[in-house]
Peer 1: 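The structure under discussion is supplied below as structure tokens; questions concerning it will follow.
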Number of protein chains: 2
Amino acid sequence: MASRGDTRQRIQDVALELFAEKGYEKTSLREIAERLDVTKAALYYHFKTKEDILMALFQSLGAPLDELVEWGKRQPRTLEMKKELLARYSQALQGAAALFRFMQENQATIKDLSLGETFKNRMFAMVDLLRDEDGSLEDQVRCATALFSIHAGLFALKDMDATPEEKQKAVLTVAQELIVAAHHGA
Amino acid sequence: MASRGDTRQRIQDVALELFAEKGYEKTSLREIAERLDVTKAALYYHFKTKEDILMALFQSLGAPLDELVEWGKRQPRTLEMKKELLARYSQALQGAAALFRFMQENQATIKDLSLGETFKNRMFAMVDLLRDEDGSLEDQVRCATALFSIHAGLFALKDMDATPEEKQKAVLTVAQELIVAAHHGA
DNA sequence: GTCTATATAGTGATAGAC
DNA sequence: GTCTATCACTATATAGAC
């Protein structure tokens with residue numbers, strides 16, 4: 001049997017592929033169905049609406065980040081923990097590249113689906129774990145920048161001549177520097 | 001007369017509003033026309049297609065950044081110039097907040113309209129003005145992060161209790177620090 | 001669990017009158 | 001420069017057979 005109970009998962013896989021490639025709005029259910037070699041109606045058996053597919057994707061892709069935030073909340077708020085959090089975040093991004101591509105491509109859609117809040121909250125939760133509420137404005141910026149530098153860095157180094165490991169290491173170094181600087185300021 | 005030759009501009013204004021609010025795809029020409037209290041067909045007098053509206057917006061909003069890049073190219077590549085570039089960029093962002101909101105909301109669309117390349121090139125051109133090609137990977141990351149920290153910082157400080165001027169200053173301080181650090185590394 | 005067939009509605013775009 | 005009217009198309013979604 002080609003398809004067991006994995007059809008739902010296969011739909012998610014193909015949908016992620018297409019949503020990340022051409023955006024949610026521009027991807028039609030017809031396309032998804034065709035690529036899976038099933039019919040549109042079949043999709044409706046597994047998901048009540050097109051939005052449902054998006055929500056399911058969002059949840060399953062975001063889970064690792066949620067776990068990371070949860071992990072962080074259980075730790076003491078030391079400098080070491082913050083450095084470790086950045087390292088884990090950097091690691092998580094490698095696996096979740098699809099999520100972020102997907103998120104970025106579909107920001108507009110995600111926004112008015114309550115998902116926007118969810119995602120923003122996740123980011124803010126992450127920044128909150130890094131920052132000291134009583135720090136200076138500059139230090140707040142350093143903490144936020146530490147997190148985003150991981151994205152910016154990987155983006156900027158995309159065309160550079162180095163191994164992924166070297167790049168990841170360089171990016172993490174800069175991110176952790178920023179956290180250390182913020183910590184000293186406090 | 002309510003509308004002179006400013007109709008084209010009014011269309012752009014409303015379109016920007018809507019595109020930034022709910023995304024390009026989800027905004028219909030009907031909506032734009034209704035909000036302007038004209039008919040869909042009237043839009044087609046001023047713009048050949050829906051995409052044309054997007055392109056016009058993109059160009060006029062991006063012009064200040066293009067000018068900044070041009071300015072940068074005419075300067076000697078000193079540390080002082082880089083700090084000044086960041087300051088001007090930070091300044092430009094205040095006025096171009098709409099552009100960036102708009103860009104972020106419509107990434108997916110922008111990508112397959114050649115606009116994606118244009119925008120990416122602009123960003124890369126900016127980073128290129130900041131970085132030293134022979135610097136270490138870490139320094140490359142510092143330069144890219146300097147630029148993006150201006151975005152990240154403003155985002156992170158959004159809910160903070162400070163005046164816009166204070167926030168801008170704090171963000172710029174951190175960005176310039178990163179450039180100085182990269183410069184020392186070289 | 002997957003199909004065919006269809007309902008319903010909205011889209012971008014065009015032609016041509018005023 | 002703006003209108004009415006309409007086109008061709010695609011979309012999401014549903015009903016009901018197999």
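Quick note on labels: first sequence line is chain A, next is B, and so on, each numbered from 1. Being a predicted model, the structure only gives us computed values, none of them experimental.
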Peer 1: Show, in sequence, the C-alpha distance, side-chain angles and deciding distance for R142(A) and E138(A), and conclude whether the salt bridge (Lys or Arg N to Asp or Glu O under 4.0 Å) test is met.
Peer 2: CA-CA 6 Å; R142(A) 287 187 187 98; E138(A) 280 85 354; 5.9 Å; no

Peer 1: Could you check R131(A) against D139(A) for side-chain contact (heavy atoms from CB on, under 4.5 Å), going step by step and ending with a plain yes or no?
Peer 2: CA-CA 8 Å; R131(A) 83 169 146 203; D139(A) 282 338; over 6 Å; no

Peer 1: Is the NZ or CZ atom of K50(B) positioned over Y44(B)'s six-membered ring, under 6.0 angstrom from the centre and within 45° of the axis?
Peer 2: no

Peer 1: Report which part of the nucleic acid S28(B) touches: base, sugar-phosphate, or nothing (heavy-atom distance under 4.0 Å, all strands).
Peer 2: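 Contact class for S28(B): sugar-phosphate only.
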
Peer 1: Can you list, by residue number, the residues of residues 47-59 of chain A that have a non-hydrogen atom closer than 4.0 angstrom to DNA chain C?
Peer 2: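 DNA chain C contact set from residues 47-59 of chain A: none.
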
Peer 1: Do the side-chain N or O atoms of R30(B) get closer than 4.0 angstrom to the phosphate oxygens (OP1, OP2) of dT11(C)?
Peer 2: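 Yes, within the criterion.
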
Peer 1: Looking only at the side chain of T39(A) (C-beta and beyond, no hydrogens), which of the listed nucleotides dA13(C), dT4(C), dA13(D) gets closest?
Peer 2: dT4(C)

Peer 1: Within the side chain of K111(B), is there an N or O that forms a donor-acceptor pair under 3.5 Å with the backbone of E21(A)?
Peer 2: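 Side chain of K111(B) to backbone of E21(A), a donor-acceptor pair under 3.5 Å: yes, one is there.
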
Peer 1: Work out which heavy atom in G72(B) is nearest to a heavy atom in L85(B); give both atom names and the distance.
Peer 2: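 G72(B) and L85(B) have their closest heavy atoms at CA-CD1, 4.4 Å.
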
Peer 1: Counting only side-chain N and O atoms of T7(B), is one of them less than 4.0 Å from OP1 or OP2 of dT2(D)?
Peer 2: yes

Peer 1: Have Q168(B) and Q91(B) got a donor and an acceptor in their side chains that come within less than 3.5 Å?
Peer 2: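 Judged by distance alone, the side chains do pair up.
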
Peer 1: Kindly point out which of dT10(D), dG1(C), dC3(C) is positioned nearest to the side chain of V38(A)?
Peer 2: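 So the side chain of V38(A) is nearest to dC3(C).
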
Peer 1: Starting from the 5' end of DNA chain D, give me the residue, K26(A) or A42(B), whose nearest nucleotide shows up first.
Peer 2: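 Here A42(B) is the residue nearer the 5' end.
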
Peer 1: Look at the side-chain N and O atoms of Y44(A) and state whether any lies under 4.0 Å from the OP1 or OP2 oxygen of dA13(D).
Peer 2: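 Affirmative; the distance criterion is met.
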
Peer 1: Among dT12(D), dT14(D), dC3(D), which is the nearest nucleotide to the side chain of A41(A)?
Peer 2: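 The listed nucleotide nearest to A41(A)'s side chain is dT14(D).
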
